[in-house]
Structures are given as C-alpha cells and as structure tokens.
Amino acid sequence: MKALALLEPKSPLTYTDCADPTPKPGEALVEICAAALNRRDYWITQGMYPGVQTPCILGSDGAGRWGDREVILCPSLNWGDSEKAQGAGYQILGMPRDGTFSELIAYPEALIYDKPTH
C-alpha cells in the first residue's frame with residue numbers, strides 16, 4: 001500500500017510503499033477514503049510532540065470503507081478506567097500506532113462507527 005510516512009523529525013513526509021497491515025483478532029481492515037491533517041501532525045513532524053517515534057504513519061482522523069459499510073474511526077485508544085481523565089496507556093491514532101495517512105489501516109472493530117448520513 002501507499003502511505004505518507006514520517007521517517008525522521010524535521011523532515012517532510014515521504015510518499016512511500018509500506019506493507020499492508022494485518023488485522024489482529026478484534027480488528028478490521030479499513031480502506032481509508034479521507035483523512036484530516038491536524039496541528040498535532042505538524043507538531044510531530046517538527047519533533048515538538050512528546051515521545052515522537054519514527055518511522056510512523058501520521059493521521060488521527062479518518063473515514064473509509066469496511067466491507068460494504070462507510071465508516072469513521074474513533075482516534076482515541078485505551079482511554080482507561082476514569083471518565084475524568086485518560087489513563088497511562090492512552091494513545092491517539094497516528095503515533096505510535098500507524099495512522100490514517102495510508103490506503104489501509106488495521107483498527108479495533110469496537111472503535112469503528114458507521115459514517116453519519118449527513
């Protein structure tokens with residue numbers, strides 16, 4: 001598949017070939033049709049985000065197709081037990097887990113939602 005990868009901080013994203021992701025149990029393979037560029041992505045490219053790990057595929061927000069369904073992805077992973085604040089294992093899609101600047105993504109089925117009709 002093709003993806004936009006950050007190979008090292010303070011460098012431009014590289015349009016490159018990457019291996020297709022392999023879904024783990026409980027995950028689905030989603031074909032990405034739309035992804036949003038966020039300020040967070042810029043901060044990561046500049047090395048101004050905590051814990052930058054490269055290489056990585058950025059992109060927190062995405063919409064696409066899962067089988068015959070049009071879907072959106074919830075970018076929050078591992079929130080934790082408290083409703084007041086995220087736990088220690090909290091992550092946002094797009095680093096360290098590969099994000100939506102790619103043709104395909106393997107993603108937890110529980111965080112995939114039908115796209116609203118509007």
Side-chain angles (χ1 to χ4, degrees):
M1 74 168 179
K2 291 289 191 179
L4 284 173
L6 178 65
L7 303 180
E8 59 185 66
K10 297 189 179 184
S11 67
L13 297 177
T14 302
Y15 186 62
T16 187
D17 289 306
C18 296
D20 288 358
T22 303
K24 296 176 183 161
E27 293 184 338
L29 191 62
V30 176
E31 176 188 3
I32 297 294
C33 298
L37 176 66
N38 292 297
R39 192 71 174 165
R40 175 179 178 263
D41 300 306
Y42 173 75
W43 291 335
I44 293 169
T45 66
Q46 298 304 301
M48 298 170 53
Y49 194 84
V52 172
Q53 299 175 19
T54 57
C56 65
I57 299 171
L58 300 179
S60 303
D61 299 316
R65 299 195 66 76
W66 175 22
D68 62 352
R69 295 169 55 190
E70 291 185 321
V71 297
I72 58 175
L73 307 177
C74 174
S76 295
L77 297 152
N78 309 317
W79 179 264
D81 297 328
S82 173
E83 291 183 18
K84 295 180 180 180
Q86 68 266 26
Y90 177 71
Q91 295 179 358
I92 300 172
L93 179 61
M95 200 229 17
R97 184 183 183 121
D98 284 340
T100 58
F101 294 171
S102 59
E103 294 178 311
L104 300 168
I105 189 170
Y107 207 62
E109 292 179 12
L111 298 175
I112 301 172
Y113 298 93
D114 288 324
K115 185 181 86 173
T117 57
H118 62 282

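Along the sequence shown, residues are numbered consecutively beginning with 1.
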For this session: Search all heavy atoms of I112 against all heavy atoms of V71 and return the closest pair with its distance.
Result: CG2-CB, 3.6 Å
Exercise. Tell me, which pairs form a ring pair (Phe, Tyr, Trp, His ring centres under 6.0 Å) where one or both residues lie in residues 67-86, sequence neighbours left out?
Worked result: W79-Y90
Exercise. Taking ILVMFWY side chains as joined if any heavy atoms are under 4.5 angstrom apart, and letting links pass through other members, which residues group with L7?
Worked result: none
For this session: Report the distance from atom CD1 of I72 to atom OG1 of T100, rounding to the nearest 0.5 Å.
Result: 12.5 Å
For this session: Of all the heavy-atom pairs spanning L6 and T45, show the shortest one and how long it is.
Result: CD2-CA, 3.8 Å
For this session: Could you pull out all residues at least two apart from D81 that satisfy side chain to side chain donor-acceptor pair (under 3.5 Å)?
Result: none
Problem set entry | Listed once per pair and sorted, the salt bridge (charged side-chain N to carboxylate O under 4.0 Å, His left out) pairs that draw on residues 41-62, sequence neighbours left out | none
For this session: Kindly write out the residues that satisfy side chain to side chain donor-acceptor pair (under 3.5 Å) with Y49, not counting sequence neighbours, or none if the list is empty.
Result: R40
Problem set entry | Nearest atoms (heavy-atom pairs only) where L29 meets A106 | CD1-N, 4.2 Å
For this session: Treating Ile, Leu, Val, Met, Phe, Trp and Tyr as nodes and any side-chain heavy-atom pair under 4.5 angstrom as an edge, say whether I105 and M1 lie in one connected cluster.
Result: no
Seminar exercise, completed: Of all heavy-atom pairs linking Q91 and P96, the shortest is NE2-CG, 3.7 Å
Exercise. If you look only at pairs with a residue in residues 6-18, which of them pass as a side chain to side chain donor-acceptor pair (under 3.5 Å), with sequence neighbours excluded?
Worked result: K2-D17
Exercise. Which ring pair (Phe, Tyr, Trp, His ring centres under 6.0 Å) pairs, counting each pair once, include a residue from residues 94-118, with sequence neighbours left out?
Worked result: none
For this session: Verify the cluster assignment for L13 and V52: are they in a single hydrophobic cluster under the rule of side-chain heavy atoms below 4.5 Å apart?
Result: yes
For this session: With sequence neighbours left out, write down each residue that passes side chain to side chain donor-acceptor pair (under 3.5 Å) with D68, or none if nothing qualifies.
Result: none
For this session: Measure the spacing between OG of S60 and CG of L37 and express it to the nearest 0.5 Å.
Result: 9.5 Å
Problem set entry | Listed partners of D98 passing side chain to side chain donor-acceptor pair (under 3.5 Å), at least two apart | none
For this session: Return each pair, listed once, that meets side chain to side chain donor-acceptor pair (under 3.5 Å) where at least one residue sits in residues 19-35; pairs must be two or more places apart or across chains.
Result: E27-R97
Exercise. N78 and G89: which non-hydrogen atoms are nearest, and at how many Å?
Worked result: CB-O, 3.3 Å
Seminar exercise, completed: Scanning both residues in full, the closest heavy-atom pair of S76 with L111 reads O-CD1, 3.6 Å
Exercise. Residues two or more places apart in sequence or in another chain: which of them pass salt bridge (charged side-chain N to carboxylate O under 4.0 Å, His left out) with E70?
Worked result: R65, K115
Problem set entry | Joint cluster assignment, I32 & I92, ILVMFWY side-chain distance < 4.5 Å | no
Exercise. Is it true that M95 and I57 fall in one hydrophobic cluster, defined by side-chain heavy atoms closer than 4.5 Å?
Worked result: yes
Exercise. Same hydrophobic cluster for L4 and V30, using side-chain heavy-atom links shorter than 4.5 Å among ILVMFWY?
Worked result: no
Exercise. In Å and rounded to the nearest 0.5 Å, what is the CG to CG distance from N38 to L58?
Worked result: 10.0 Å
